[in-house]
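Labels below follow one simple rule: chain letters A, B, ... track the order of the sequence lines, proteins then strands, and each chain is numbered from 1. In this text, all values refer to a predicted model and were calculated from it rather than measured experimentally.
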Number of protein chains: 2
Amino acid sequence: MAHKTVVTIADVAQRAGVSRTSVSRYLNGNLDNLSPGTATRIADAVRDLDYRPNAWARSLKTRHSGLIAAVVADLRNEHILAVLDGIEMAVNSQGYSLLISNAQNRLDYEEKTIERLIQQRVEGVILQPCDDRQSSAVQSLKREDIRVVLMDRSLDVVPAFDTVLLDNQDAVDQAMYHIIQQGYRQVLYVTDPPEHVTSRRERETAIKKQHHSTLNVSIFVRESSDASQFVQALQQWMAMSLKERGVIICANVATTLFTVAVLDQLHIQVPTDVGLLAIDDPPWARYVLGGITSIAQPTLDLGRIAAERLMGRIQDSHSNPGQVLRLSGRLIERRSTQHPHSL
Amino acid sequence: MAHKTVVTIADVAQRAGVSRTSVSRYLNGNLDNLSPGTATRIADAVRDLDYRPNAWARSLKTRHSGLIAAVVADLRNEHILAVLDGIEMAVNSQGYSLLISNAQNRLDYEEKTIERLIQQRVEGVILQPCDDRQSSAVQSLKREDIRVVLMDRSLDVVPAFDTVLLDNQDAVDQAMYHIIQQGYRQVLYVTDPPEHVTSRRERETAIKKQHHSTLNVSIFVRESSDASQFVQALQQWMAMSLKERGVIICANVATTLFTVAVLDQLHIQVPTDVGLLAIDDPPWARYVLGGITSIAQPTLDLGRIAAERLMGRIQDSHSNPGQVLRLSGRLIERRSTQHPHSL
DNA sequence: ATGAAAGCGCTAACAG
DNA sequence: CTGTTAGCGCTTTCAT
């Protein structure tokens, strides 16, 4: 097949018997300065030639690429899917296109991918940082004057980025309140390493606050995907909480699945032997173990709002950035926290 | 903040005291034609000025945007996550960036989004068609000479697109073989409407083939997300399969979740009252109902291979396209198909 | 209402 | 080894 020869604005102009300027005006909806006749002739030419404007050429002039990027910490995390959906909807409805990249929880990947995005001249970046230590890439974004909205997690050091995330404090409070209501005494909090991830730190901090003198909280940090350490910790904790009404709280979807697997392996019954509560509510939570009580996140909104914020900033750069928006979670009560002793 | 003035190749050239050409050569790794001294001075200038090449300007000249797009039928489908991950890895490792858009199962959205992608001058599109009827957008892609790889589903009418998908025939055969082994007699196949989705049609066709004269197959098509129709159909089917060893086969993740919900609602026990087998193996399948037997798809590979194919075509356009690659699924046997009668 | 001309930032002959 | 020159396809003053 012969190499396709690209149709340009000049071809359209020629065919319509007008100047490129007029065609350009037509394409950009500048119909004030066009006689109806010209407009029609241009429209015809565009259709006949099956012409499509070249976004790069336009961008070069207008400095408006129509590109927005989402950089996620870990694309395999089920939780992120609804968030991305929300972002995609918002972004597309405003005529932008969405670039997605996965940092795979590695700061160096995150930096590399952001560097590429800068060269692609994205107009804005929605970032779920995989590490709260300030990466050089984030500095670059600032220097290049590219808008950034932080999503799901924030960065400690960098000031003045808009941020949209779950109200972790409130989510944990809701969980704890429910737990106490159900008459539990012992809590085992299962989390991924909280060191450099703000959402995990916030949740852990909230957990550690003494909500009620009746509650005794232990924490297990999942350092590896190998279950043996957890098995040991769990058995130890169970031994002491057996007659004390124990409940496990999982910090996210991954630890929930991990915990369910171990409970299954050890033939520990929920809620008979132990209670279970998850932060975040994947679609299957209703059906595992007869229903897992959870704190549902407004994931779709999280994405949608982050994207809208970002596009707002792009269009109007003259307002104070650095706003933090915390969305509330919602307790969904299911069977996994119906402690039998509570009758 | 003053509007940031962009650093161009001219600035670098001036600072290094060389021509733009030399800088361009340096940036593109054309070091053969550069004296070490010049190269160093350029390198310094680039660093000092924190210069980043403008991808659009480059693309305009080279006709190489570095953009690849994935258009998925429904982003909310959990199944697609691993596929996207595979695509993202492959794409990024070759230095491309990935655009993602969601057709929301609507042909008109699919067309609109593809139209936008064409204008963004993507070099290739990985398409999971939401409908096998040939959309005009697909025609446009062909006319614009943009490479396309079909993923997960194919298009009936359009010839000559590379395609990567599950070997549906084989997947169903594996399922049926297992079912027969377990001594089941009655099968209820639950599927989403198969009309315009090739993968669903392929699976349904494979199901309908009489695998064994001992098997009696019924089919339920889920026309709406409302469960009442299914409840009725299920009870009717159960009545007749009670003493006959019945098993439900779900065509995908969505119908599996749907079915699990209804079984739960009706207090039907698995595998005591009925067996269950799912095509596709989401992470939670192990833990629901004590483990759901499933046919796992090589989702990550599906994405990775589709992306590699596409990039191969982009780099070397002179080979026969239209190759169809079918990847095999793998049976994972769990508790949900251990029919108690089979002892 | 319309067009001529000057770029946007980069690359690629071609000539030295 | 290096630089000059001419665009890539589009937008945008500024005239007319």
Nucleotide nearest [X] when distance is taken to its side chain, options [options]:
X	options	result
A:Thr21	D:dT13, D:dT5, C:dT2	D:dT13
A:Arg20	C:dG3, C:dC8, C:dA5	C:dA5
B:Arg58	C:dC10, D:dG9, D:dT2	C:dC10
B:Ser35	D:dG9, C:dG3, D:dT2	D:dT2

Classify the side chain of B:Lys61 versus the base of C:dG9 as yes if they form a donor-acceptor pair under 3.5 Å and no if they do not.
no
Does a side chain donor of either B:Ser136 or B:Glu111 reach within less than 3.5 Å of an acceptor in the other side chain?
yes
Do A:Asn28 and A:Arg58 have side-chain N/O donor and acceptor atoms under 3.5 Å apart?
yes
Crowding at CD, A:Gln14 (>12 non-hydrogen neighbours, <6.0 Å):
no
Considering only residues two or more places apart or on different chains, which pairs with a residue in residues 88-146 of chain B satisfy ring-ring contact (aromatic ring centres under 6.0 Å, His included)?
B:His64-B:Tyr96
What's the [atom1]-[atom2] distance between [X] and [N], to the nearest Å?
X	N	atom1	atom2	result
B:Trp56	D:dT11	CH2	P	13 Å
A:Tyr26	C:dT2	OH	P	14 Å
B:Arg121	D:dC8	CZ	P	14 Å
A:Leu27	D:dC10	CG	P	8 Å
B:Ile9	C:dA12	CD1	P	11 Å
B:Arg25	D:dG3	CZ	P	9 Å
A:Asn33	D:dT13	CG	C1'	13 Å
B:Gln14	D:dT4	CD	P	13 Å

From the options B:Leu150, B:Thr198, B:Val197, select the one residue that forms a side-chain contact (heavy atoms from CB on, under 4.5 Å) with B:Asp132.
B:Thr198
Sort out for me which residue in B:Val324, B:Leu141, B:Val138 forms a side-chain contact (heavy atoms from CB on, under 4.5 Å) with B:Phe161.
B:Val138
Is B:Asp44 paired with B:Arg47 through a side-chain N to carboxylate O contact shorter than 4.0 Å?
yes
Give the angle between the helix axes at the two ends of the helix from C:dA1-D:dT16 to C:dG16-D:dC1, taking five base pairs at each end and rounding to 10°.
30°
Using a cut-off of 4.0 Å on non-hydrogen atoms, how would the nucleic acid contact of A:Val23 be classed: base, sugar-phosphate, or nothing?
nothing
Give B:Thr38 one of three labels, base, sugar-phosphate or nothing, depending on what nucleic acid heavy atoms sit under 4.0 Å from its own.
sugar-phosphate
Does anything in residues 43-55 of chain B come within less than 4.0 Å of DNA chain C? Heavy atoms only, and list the residues if so.
B:Tyr51, B:Pro53, B:Asn54
Contacts of B:Leu60 and B:Ser19 projected onto DNA chain D by closest heavy atom; the upstream (5') one is B:Ser19
Would you tell me if any nitrogen or oxygen in the side chain of A:Thr8 comes within less than 4.0 Å of OP1 or OP2 on D:dG9?
no
Does C:dA12 have OP1 or OP2 sitting under 4.0 Å from an N or O in the side chain of B:Thr62?
no
CD1-CZ distance between A:Ile126 and A:Arg309, expressed to the nearest 0.5 angstrom:
12.0 Å
CG on A:Leu107 to CG on A:Asp131, rounded to 0.5 Å:
5.0 Å
Test side-chain contact (heavy atoms from CB on, under 4.5 Å) on B:Leu155 and B:Thr163 and set out the steps.
CA-CA 9 Å; B:Leu155 290 173; B:Thr163 308; over 6 Å; no
